[in-house]
Amino acid sequence: MNDKAVEVVWKALDRLAIELPSWGFANTGTRFGKFIQPAAATSIQEKFSDAAQVHAVTGACPTLALHVQWDLPNGLKDVPEVERLAKQFSIRPGSINPNIFQNQEYKYGSVGNPDPAIRRMAIRHILDCVAISEALGAPDISPWFADGSNYPGTQNIRKRIGYFEEGLREIHAALKPGQRLLLEYKPFEPAFYHTDIADWGMALLLARAAGPQALVLVDTGHHYQAQNIEQIVAWLLHQNMMGGFHFNDRRYADDDLTLGSIDPYQIFRIFHEIRMFEWETQTTADIAYMVDQSHNLKGKIEAMIQTVCTAQELYARAALVDHGSLARLQQECSLVDAEETLRGAFWQDVRPAIQEWRKSRRLPADPMQAFRTSGYLERITRERSEKNRNTTASYA
Ligand code: RM4
Ligand code: MN
Ligand code: MN
């Protein structure tokens, strides 16, 4: 790789910040049971501590996404504790994730529930999240709605659209300047017949109905098979509606696997759309790059390091696309040469350039190796295994 290419890679890496999910460090499971890891985080303090380890070896993860019900069970009252941990571990609180899917009340939905009292409960919770976001100076609130129905004819789909428009408008009215409401879509699970916000179009229309500070969040695992995700990203960029990502990979459903493990070219193509947009418009897209993975067999921290390094590699490769010549080749409809321009960047081995970047930033050249030799995993395994042994693994 020539010096110019190395410079492009370095510049790209300097810009890429990736947010880690607090829940990605805790024990998670499948629909059939949990497989408990002795080193999994059992408290918000341990989640901050683990995130700090990932940041220490990668230098790319300054923020931690928080799930309010799991991480701030007492809501606003827990803000000082979160601030204390943020300071202690030098990790800032990231996006604030409401939980409108776990309480018994939400059996038939939250903001789309036919019962006005339950809709009120859900809206109130999200309004609390807006206040928490403000108090923490963490401007993004990213709700994911499990709302939907499981059998045809059992719910009035249009009425529920109305409930969402109304509820989201009220939530948007509480936003302060700079705060953003990122609406995540998902076509299935837990609802299997209809999901109230099933795809990017529904998320976009609801965001528009809510107000200008509402944008769309793309979780890479939340699509139908074979859907062209980079085209969705291109549309959202074109509409100025691209708010953020939840990165993970999937083979079948919402598998939450580590990024790029199944299809790295897909993630590369997404990054390419963003870089091409930025090159054409000479702007920087204000996108929150967040990880949402919770695979239960790989070690939590190692899985996170793997995802962050993969994101860096694929982002660096996307940065290597020669936008000027690609634009010309597209204009000329030189199909093979245009495609080869893209593929040529994809097949570059950027790892040596990334290693040099890491060294120049006083980071370990090999983050995984650095983590493995740090002794951290052995220490937390000793400290946490007793607590984790007492965790329920069964859903029965
Ligand atoms: C959903 C979605 C949300 C995440 C929950 C736990 O599938 O991806 O972002 O918060 O899972
Ligand atoms: Mn998600
Ligand atoms: Mn998901």
Side-chain angles (χ1 to χ4, degrees), residues 18-31 34 40-41 44 47 63-73 93-103 106 109-112 122 125-126 129 132-133 138 140-148 180-192 195-200 202-203 206-207 215-225 227 229 232-233 236 242-259 261-262 266-267 270 287-296 300 303-304 307 311 395:
I18 302 160
E19 181 163 309
L20 303 174
S22 71
W23 57 96
F25 295 105
N27 278 313
T28 46
T30 67
R31 290 200 288 142
K34 280 188 190 176
I44 174 77
K47 293 170 184 173
T63 58
L64 181 67
L66 301 171
H67 229 292
V68 169
Q69 193 161 309
W70 302 334
D71 299 327
L72 297 94
S95 64
I96 304 301
N97 293 247
N99 190 316
I100 48 260
F101 50 84
Q102 217 174 8
N103 293 56
Y106 299 140
S110 63
V111 170
H125 174 68
I126 302 174
C129 294
I132 290 168
S133 139
D140 289 346
I141 302 109
S142 45
W144 164 67
F145 295 96
D147 290 56
R180 309 193 303 170
L181 186 65
L182 306 182
L183 296 182
E184 181 172 0
Y185 56 88
K186 178 170 171 173
F188 55 86
E189 192 202 41
F192 289 117
T195 294
D196 285 295
I197 312 183
D199 65 26
W200 70 280
M202 299 175 204
L206 285 174
L215 302 163
V216 178
L217 185 148
V218 176
D219 183 313
T220 46
H222 292 187
H223 299 88
Y224 298 113
Q225 292 286 8
Q227 207 163 358
I229 304 175
I232 295 171
V233 171
L236 292 173
M242 183 70 235
F245 284 98
H246 272 179
F247 280 147
N248 52 54
D249 211 341
R250 56 77 70 94
R251 180 72 180 88
Y252 298 105
D254 185 23
D255 304 338
D256 285 338
L257 302 175
T258 45
L259 186 73
S261 53
I262 303 292
Q266 166 75 85
I267 304 302
I270 290 173
I287 297 173
Y289 297 106
M290 304 173 268
V291 176
D292 182 8
Q293 79 187 20
S294 62
H295 194 250
N296 56 352
K300 300 284 169 186
M304 217 57 87
T307 280
Y395 285 167

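Just so you know, ligand 1 is whichever comes first in the structure, and atom 1 is the first atom listed for that ligand. Hydrogens, waters and symmetry mates are skipped; everything else that's a heavy atom, side chains included, is used.
- Within the 4.0 Å heavy-atom cutoff, Glu189 does not count among the residues contacting ligand 1.
- Contacts with ligand 1 closer than 4.0 Å are made by side-chain heavy atoms of Glu184 only, the backbone lying farther away.
- Taking CD from Gln227 and CD from Gln266, the interatomic distance works out to 10.0 Å, rounded to the nearest 0.5 Å.
- The Mn ion (ligand 2) has no N, O or S atom of His222 under 2.8 Å away, backbone or side chain.
- When the heavy-atom distances from atom 5 (C) of ligand 1 to Trp144, Phe145, Phe188, Trp70 are ranked, the shortest goes to Trp144.
- The nearest protein atom to atom 7 (O) of ligand 1, hydrogens excluded, is given as Lys186 NZ, 2.8 Å; this is a heavy-atom distance.
- Using a cut-off of 2.8 Å, one finds that Asp254 contributes no N/O/S atom close to the Mn ion (ligand 2).
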Check against ring pair (Phe, Tyr, Trp, His ring centres under 6.0 Å), His67 and Phe25: CA-CA 12 Å; His67 229 292; Phe25 295 105; over 10 Å; no
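- Near Asp219, meaning under 4.0 Å from any of its heavy atoms, are these atoms of ligand 1: 8 (O).
- Of the possible donor and acceptor atoms, none in the side chain of Asp249 sits under 3.5 Å from a partner among the backbone N and O of Thr258.
- Considering backbone and side-chain N/O of His246, one or more are found under 3.5 Å from N/O of ligand 1.
- Using a 3.5 Å distance cut-off with no hydrogens or angles, the side chains of Thr307 and Gln293 do pair a donor with an acceptor.
- Looking only at N/O/S atoms, Asp219 comes nearest to the Mn ion (ligand 2) through OD2.
- Side-chain N/O atoms of Trp144 and Asp219 include no donor and acceptor closer than 3.5 Å.
- With the Mn ion (ligand 2) as vertex, Asp292 OD2 and His246 ND1 subtend 90°, rounded to 10°.
- Glu184 contributes OE2 as its N, O or S atom closest to the Mn ion (ligand 2).
- A donor-acceptor pair shorter than 3.5 Å cannot be found between the side chains of Asn248 and Asp292.
- Judged by distance alone, the side chain of Asp255 and the main-chain N or O of Ala253 form a donor-acceptor pair under 3.5 Å.
- Counting only heavy atoms from C-beta outward, the side chains of His125 and Asn99 approach each other to under 4.5 Å.
- The backbone N or O of Pro21 lies less than 3.5 Å from no partner atom in the side chain of Lys47, so there is not a single donor-acceptor pair.
- Scanning the protein heavy atoms around atom 10 (O) of ligand 1, the nearest turns out to be His67 NE2, 3.1 Å.
- Taking every non-hydrogen atom of His222 and a distance limit under 4.0 Å, the qualifying atoms of ligand 1 come out as 2 (C), 7 (O), 8 (O).
- The side chain of Asp254, and not its backbone, has at least one atom closer than 4.0 Å to an atom of ligand 1 (non-hydrogen atoms only; side chain from C-beta on).
- The nearest protein atom to atom 8 (O) of ligand 1, hydrogens excluded, is given as Asp292 OD2, 2.8 Å; this is a heavy-atom distance.
- Electrostatic pairing of Asp256 and Arg250 does not count as a salt bridge here, judged by no charged N lying under 4.0 Å from a carboxylate O.
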